Amino acid sequence: MDNDPGRKLIDPERVAAAVDGLGDRAVIDEWAQRFSVVADPSRLALLVSIHYAREISVTDLAAVTGMTDTAVSQALRLLRAHGLVTTRRDGRVVRYRLADATVHELIHRVRPHPQESATDESDR
């Protein structure tokens, strides 16, 4: 929190709550980097595809997204480096999946499951 003694706060309680919620700046920086990685439409398409497939290979992701295997592999390497996806080897095939529940929830918020979207629209 800014320790400027000349700064007058309007709602000190709200400022304290915001400071507590902000937490460690390193975590904010980490998530900002993750969001910048997800901001690319091709990488976001890969994440959404993985979300629906649960686990999927590079070749199948390339077919789904219309990208080349090489482009998919490069994008997945970056997504993996940022902790957004993980792998599971199934013999010679490497399958990609979302890394954790937080990533799953983020992707779910970007593109809810179709059956849920239809339900939401009928509730309007």
Side-chain angles (χ1 to χ4, degrees):
M1 185 158 78
D2 186 359
N3 292 327
D4 180 359
R7 183 181 300 258
K8 180 172 168 66
L9 300 176
I10 295 171
D11 293 313
E13 299 82 19
R14 292 178 191 261
V15 171
V19 167
D20 288 344
L22 187 58
D24 183 2
R25 290 290 179 131
V27 173
I28 297 294
D29 291 344
E30 177 186 327
W31 274 101
Q33 286 203 354
R34 288 176 116 183
F35 284 131
S36 72
V37 170
V38 174
D40 175 80
S42 295
R43 292 188 294 258
L44 184 56
L46 291 171
L47 288 170
V48 171
S49 298
I50 294 167
H51 169 79
Y52 282 101
R54 303 287 185 216
E55 282 190 336
I56 190 167
S57 69
V58 169
T59 300
D60 291 346
L61 277 169
V64 169
T65 60
M67 298 167 63
T68 65
D69 286 15
T70 302
V72 169
S73 291
Q74 289 173 350
L76 289 170
R77 193 172 11 259
L78 184 62
L79 292 171
R80 191 172 181 199
H82 284 276
L84 297 167
V85 297
T86 189
T87 61
R88 182 181 67 82
R89 183 169 289 280
D90 185 14
R92 292 182 39 176
V93 177
V94 176
R95 299 185 193 283
Y96 286 81
R97 60 182 170 216
L98 297 181
D100 60 33
T102 303
V103 176
H104 171 81
E105 183 63 25
L106 283 172
I107 300 306
H108 187 73
R109 295 287 177 195
V110 169
R111 178 77 172 95
H113 289 286
Q115 63 273 20
E116 291 176 17
S117 295
T119 303
D120 292 344
E121 290 174 12
S122 66
D123 291 341
R124 291 183 191 167

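All values reported here derive from a predicted model rather than from experimental measurement.
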*What's the verdict on side-chain contact (heavy atoms from CB on, under 4.5 Å) for E30 and Q33, showing C-alpha distance, side-chain angles and the deciding distance?*
CA-CA 5 Å; E30 177 186 327; Q33 286 203 354; 5.9 Å; no
*Which pairs pass ring-ring contact (aromatic ring centres under 6.0 Å, His included) with one or both residues in residues 59-88, sequence neighbours excluded?*
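Every pair satisfying ring-ring contact (aromatic ring centres under 6.0 Å, His included) with a residue in residues 59-88: there are none.
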*Is there any ring-ring contact (aromatic ring centres under 6.0 Å, His included) pair reaching into residues 19-47, and which pairs are they, with sequence neighbours excluded?*
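Counting only pairs at least two positions apart or across chains, the ring-ring contact (aromatic ring centres under 6.0 Å, His included) contacts touching residues 19-47 are W31-F35.
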*Apply side-chain contact (heavy atoms from CB on, under 4.5 Å) to V38 and L106, showing your working.*
CA-CA 10 Å; V38 174; L106 283 172; over 6 Å; no
*asked:* Other residues, nucleotides and ligands only: do more than 12 of their heavy atoms fall within 6.0 Å of CZ on R14?
replied: no
Who pairs with [X] by side-chain hydrogen bond (donor to acceptor under 3.5 Å, both in side chains), at least two apart in sequence or on another chain?
X	answer
T59	D69
R34	none
R43	none

*If you take all heavy atoms of G83 and A99, which pair is closest and at what distance?*
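Result for this residue pair: O-CB, 3.1 Å.
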*If you look at every heavy atom in R97 and T87, which pair is closest and at what distance?*
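So the two residues come closest at NH2-O, 3.9 Å.
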*Decide yes or no for M67 and L46: does some side-chain heavy atom of the first lie under 4.5 Å from some side-chain heavy atom of the second?*
yes
*Looking at side-chain heavy atoms only, is the closest gap between H104 and H51 below 4.5 Å?*
yes
*Could you walk me through whether S49 and I56 pass side-chain contact (heavy atoms from CB on, under 4.5 Å), step by step?*
CA-CA 8 Å; S49 298; I56 190 167; 5.5 Å; no
*Which other residues belong to the hydrophobic cluster containing L22, where Ile, Leu, Val, Met, Phe, Trp and Tyr are joined when side-chain heavy atoms lie under 4.5 Å apart, directly or via other members?*
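Taking Ile, Leu, Val, Met, Phe, Trp and Tyr as members, L22 shares its hydrophobic cluster with I28.
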*Single-linkage hydrophobic cluster, 4.5 Å side-chain cutoff, V93 and L61 together*: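 Per the 4.5 Å side-chain linkage, V93 and L61 are not co-clustered.
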*Apply side-chain contact (heavy atoms from CB on, under 4.5 Å) to the pair I50 and L76, showing each step before the final yes or no.*
CA-CA 11 Å; I50 294 167; L76 289 170; 3.9 Å; yes
*side-chain contact (heavy atoms from CB on, under 4.5 Å) partner of Y96, chosen from T86, V58, L47*: V58
*Reported CG-to-CD distance for the pair D60 and E55, which is rounded to 0.5 angstrom*: 12.0 Å
